[in-house]
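One structure below.
What you see is a predicted model; the values in this text were computed from it and never measured. Along the sequence shown, residues are numbered consecutively beginning with 1.
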Amino acid sequence: MDSPAPVGHPPEPSPAPALTPLPTARDIPRFPGGFLLGNLSDFRHHRLKLFRDIKERCGEIGTIRIGPVPVQVVTSGSISHTLLHTHANDVDGGPLVKTFTPLVGERSLVLLHGPQHRKQRKLLAPSFQREQLAHFTQTMVQYTLDAIEGWRDGQTFDVHDEMATLTMRIIGKTLFDVDYRHETNELLGAMGQALEHIEYLTSSLVQIPLSWPTPRNRRVREALRTIDTTFRGMIRQRRVDHAQRKDMLSSLVQVRDEEGQPIDEDQLHDDLMTIYSGHESTALSLGWTWYLLARHPEVLARVRQEVDTVLGGRPPAFEHLPQLRYTLQVIKESLRLYPVIFMLARAPTKDLEIEGYRLPKGQMVLMPPYIIHRDEKFFPDPERFDPDRFLPEREKQLPRYAWFPFGAGPHTCIGNHFALMEKQLIVATMVQRLHIELVDGQEISPEVLTVTLRPSHLKMRVEHRKDAPVSRVA
Ligand code: HEM
């Protein structure tokens with residue numbers, strides 16, 4: 001298995017097989033639903049259960065209705081992989097992904113497809129290679145140490161809020177060299193507003209166009225203006241002062257295409273917005289890792305032992321990452337149980353046939369890694385949290401489609417190395433210095449925010465460790 005998933009410019013999908021309809025084409029089972037609204041209510045309020053039920057009753061693929069609209073739900077890894085990878089040129093993001101357009105911009109990687117996507121991805125990819133990210137590790141660790149210093153013994157906090165603040169500060173510094181630690185910045189508030197609006201839009205049934213003068217729309221438009229002005233200011237500034245900076249924007253303004261042209265300002269603007277949004281996924285995923293570690297003290301003890309042995313009291317650095325192997329296994333296993341982008345969406349741009357099933361042009365197809373990662377064939381006793389499933393020799397035996405929290409095909413997360421590295425460093429730094437436990441009496445269940453999974457209002461208590469010799473970053 002390729003792990004972590006390939007970054008940057010993934011291999012070209014092989015040409016899709018010619019469409020010769022099979023006489024034996026298989027019917028896609030229909031999942032039962034109400035006469036008028038179909039499965040709308042379950043889709044909105046019990047989506048994970050709905051997906052589990054579809055797998056149980058329909059098998060690897062089933063059709064639901066959201067109101068009058070038929071939607072295919074694929075619970076098979078191999079069908080999903082064929083659609084995302086082999087048929088990458090025959091699909092687009094469909095209506096769900098297009099909802100993001102007013103916020104991330106129409107040139108965002110997530111919205112581009114085919115040659116335009118390939119071209120832009122190729123230009124951005126070098127800045128996301130693992131080695132390129134090495135000089136960000138110190139920021140990741142330093143900002144975590146600052147957060148830890150601010151926490152008092154016995155303090156309880158909302159894990160998602162703390163992790164979101166931390167990952168946002170890290171992306172602010174690494175992407176545009178803005179230090180949010182000591183200032184509340186206008187940009188920060190505006191970005192928060194924009195991200196919140198994406199969540200709102202994707203969970204609303206009725207989409208009110210942004211041009212309508214509702215109070216919410218006015219606030220969002222104001223936020224987008226702030227982001228626009230700030231981004232364009234930073235891009236122009238960085239074209240002049242990139243030599244003095246080490247942020248990602250400084251490398252992006254120096255990129256040239258095959259004709260020697262730089263990435264234009266509008267394109268860079270949309271790229272910054274899309275890349276920035278990645279911090280939210282990392283924060284959600286850290287929340288799940290802390291939840292699982294707190295519930296499994298024996299796993300936490302193994303992580304602590306690894307961290308103490310490998311680091312010997314020093315803060316973690318890039319060169320320690322390969323040795324923090326068990327920590328990485330924990331992170332991968334938590335992404336298996338809680339892939340924070342718990343469903344991927346595509347719509348075929350022509351009629352397709354995969355493994356005998358006909359997927360009609362224009363009909364939305366949803367693929368939930370949350371369900372696919374629980375396939376007993378590859379992960380026996382799938383609900384059990386067992387990081388040893390990702391021991392290198394066991395991981396190698398998994399097919400590529402068994403575990404894909406970063407997606408598959410040309411749209412595979414470009415920030416996957418960034419995210420894994422950041423998670424490994426944050427977990428190691430916190431475990432090295434803190435005792436962490438869940439606040440008693442909490443009922444934690446996955447809260448579904450359209451495409452993301454959040455541990456609902458998870459509260460943790462921290463205590464600084466007295467038993468580990470530690471030193472600050474110089
Ligand atoms: C644990 C953390 C993360 C997870 C689980 C995650 C997951 C994903 C997934 C599943 C996709 C593919 C979506 C699709 O095919 O529809 C994606 C795309 C993307 N991610 Fe991430 N992501 C994470 C962190 C990040 C970070 C830290 C960044 C930036 C530094 C980032 C930047 C992007 C971008 C730019 C895309 C669009 C790629 C394209 O369309 O070519 N992500 N992510």
Side-chain angles (χ1 to χ4, degrees), residues 7-10 12 88-89 92-93 97-129 132-133 135-136 171-178 185-188 190-191 193-195 197-198 210-211 220-280 349 407 409-418:
V7 73
H9 190 47
E12 294 272 319
N89 292 331
D92 63 23
V97 175
K98 284 178 191 150
T99 323
F100 304 148
T101 314
L103 294 148
V104 289
E106 61 194 18
R107 301 167 213 81
S108 161
L109 274 187
V110 288
L111 290 159
L112 296 177
H113 289 277
Q116 271 182 312
H117 176 263
R118 271 199 292 283
K119 178 178 176 212
Q120 193 52 23
R121 178 92 188 198
K122 202 169 161 186
L123 295 177
L124 299 188
S127 304
F128 287 90
Q129 296 300 333
Q132 282 302 311
L133 302 172
H135 65 273
F136 294 144
I171 195 78
K173 180 71 181 166
T174 52
L175 184 57
F176 2 85
D177 196 17
V178 173
N185 183 296
E186 226 191 333
L187 175 64
L188 201 65
M191 293 296 261
Q193 177 94 55
L195 287 181
H197 192 63
I198 291 187
L210 200 55
S211 53
V220 175
R221 283 207 305 266
E222 181 57 37
L224 290 178
R225 263 194 298 277
T226 304
I227 294 169
D228 193 71
T229 318
T230 320
F231 276 8
R232 288 179 194 280
M234 287 194 298
I235 293 167
R236 286 172 205 162
Q237 178 76 25
R238 224 42 107 249
R239 295 218 194 268
V240 181
D241 71 0
H242 58 78
Q244 290 110 58
R245 312 257 190 174
K246 286 202 159 128
D247 55 0
M248 210 178 266
L249 180 55
S250 294
S251 37
L252 295 179
V253 295
Q254 295 179 70
V255 168
R256 296 290 177 269
D257 66 14
E258 280 156 11
E259 280 92 48
Q261 295 304 312
I263 307 178
D264 71 42
E265 190 174 301
D266 290 343
Q267 177 67 58
L268 260 181
H269 172 280
D270 294 358
D271 290 336
L272 288 185
M273 191 70 193
T274 313
I275 296 166
Y276 180 90
S277 317
H279 86 80
E280 180 72 8
T349 50
H411 285 277
T412 297
C413 178
I414 204 170
N416 61 358
H417 290 307
F418 188 108

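- Closest of all the heavy-atom pairs between Ile235 and His269 is CD1-N, 3.8 Å.
- Contact record, Arg221 with Leu210: NH1-O, 2.6 Å, taken as the closest heavy-atom pair.
- The closest side-chain heavy-atom distance from Asn89 to Arg118 is below 4.5 Å.
- Here Arg225 contributes atom CZ and Thr230 contributes atom OG1; the two are 12.5 Å apart, rounded to the nearest 0.5 Å.
- In this structure, the side chains of Thr229 and Thr226 stay at 4.5 Å or more apart for every pair of heavy atoms.
- Minimum interatomic distance between Ala194 and Met273 (heavy atoms only, all atoms of both residues): CB-CE, 3.9 Å.
- At a threshold of 4.5 Å between non-hydrogen side-chain atoms, the residues His113 and His411 count as touching.
- Heavy atoms only, all atoms of each residue included: Ser108 and Thr274 are closest at OG-OG1, 2.9 Å.
- Evaluation of the side chain to side chain donor-acceptor pair (under 3.5 Å) rule for His242 yields Gln254 as partners, not counting sequence neighbours.
- A salt bridge does not link Arg121 with Asp271: none of the charged nitrogens is closer than 4.0 Å to a carboxylate oxygen.
- Between Met234 and Leu249, some side-chain heavy-atom pair lies under the 4.5 Å cut-off.
- A 4.5 Å side-chain heavy-atom check between Phe231 and Leu268 finds every atom pair outside the cut-off.
- Side-chain atoms of Lys173 and Asp247, non-hydrogen and from C-beta on, never get closer than 4.5 Å to each other.
- Val110 and Val97 get closest at one heavy-atom pair: O-CG1, 3.8 Å.
- Under 4.0 Å is where a charged nitrogen must lie from a carboxylate oxygen, and between Glu258 and Lys122 at least one such pair does.
- Between Phe176 and Tyr276, the ring planes lie parallel to each other; the angle is under 30°, not in the 30° to 60° tilted range.
- Using a 4.5 Å cut-off on side-chain heavy atoms (C-beta onward), Arg238 and Asp177 make contact.
- Between the CG atom in Leu252 and the CZ atom in Phe128 there is a gap of 6.5 Å [rounded to 0.5 Å].
- The CG atom of Leu175 sits 5.5 Å away from atom CD1 of Ile275, with the distance rounded to the nearest 0.5 Å.
- In this structure, NZ in Lys246 is found 14.0 Å from OG1 in Thr174, a value given to the nearest 0.5 Å.
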One pair to check against side chain to side chain contact (heavy atoms under 4.5 Å, CB included): Leu224 and His197. What are the steps and the verdict? CA-CA 11 Å; Leu224 290 178; His197 192 63; over 6 Å; no

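- A pairwise comparison of heavy atoms in Ile263 and Gln267 identifies CG2-CG, 3.4 Å as the closest pair.
- The closest side-chain heavy-atom distance from Met248 to Gln132 is not below 4.5 Å.
- Using a 3.5 Å distance cut-off with no hydrogens or angles, the side chains of Asp241 and Gln237 do pair a donor with an acceptor.
- For Glu106, the CD atom sits in a loose shell: 12 or fewer heavy atoms of surrounding residues, nucleotides or ligands are nearer than 6.0 Å.
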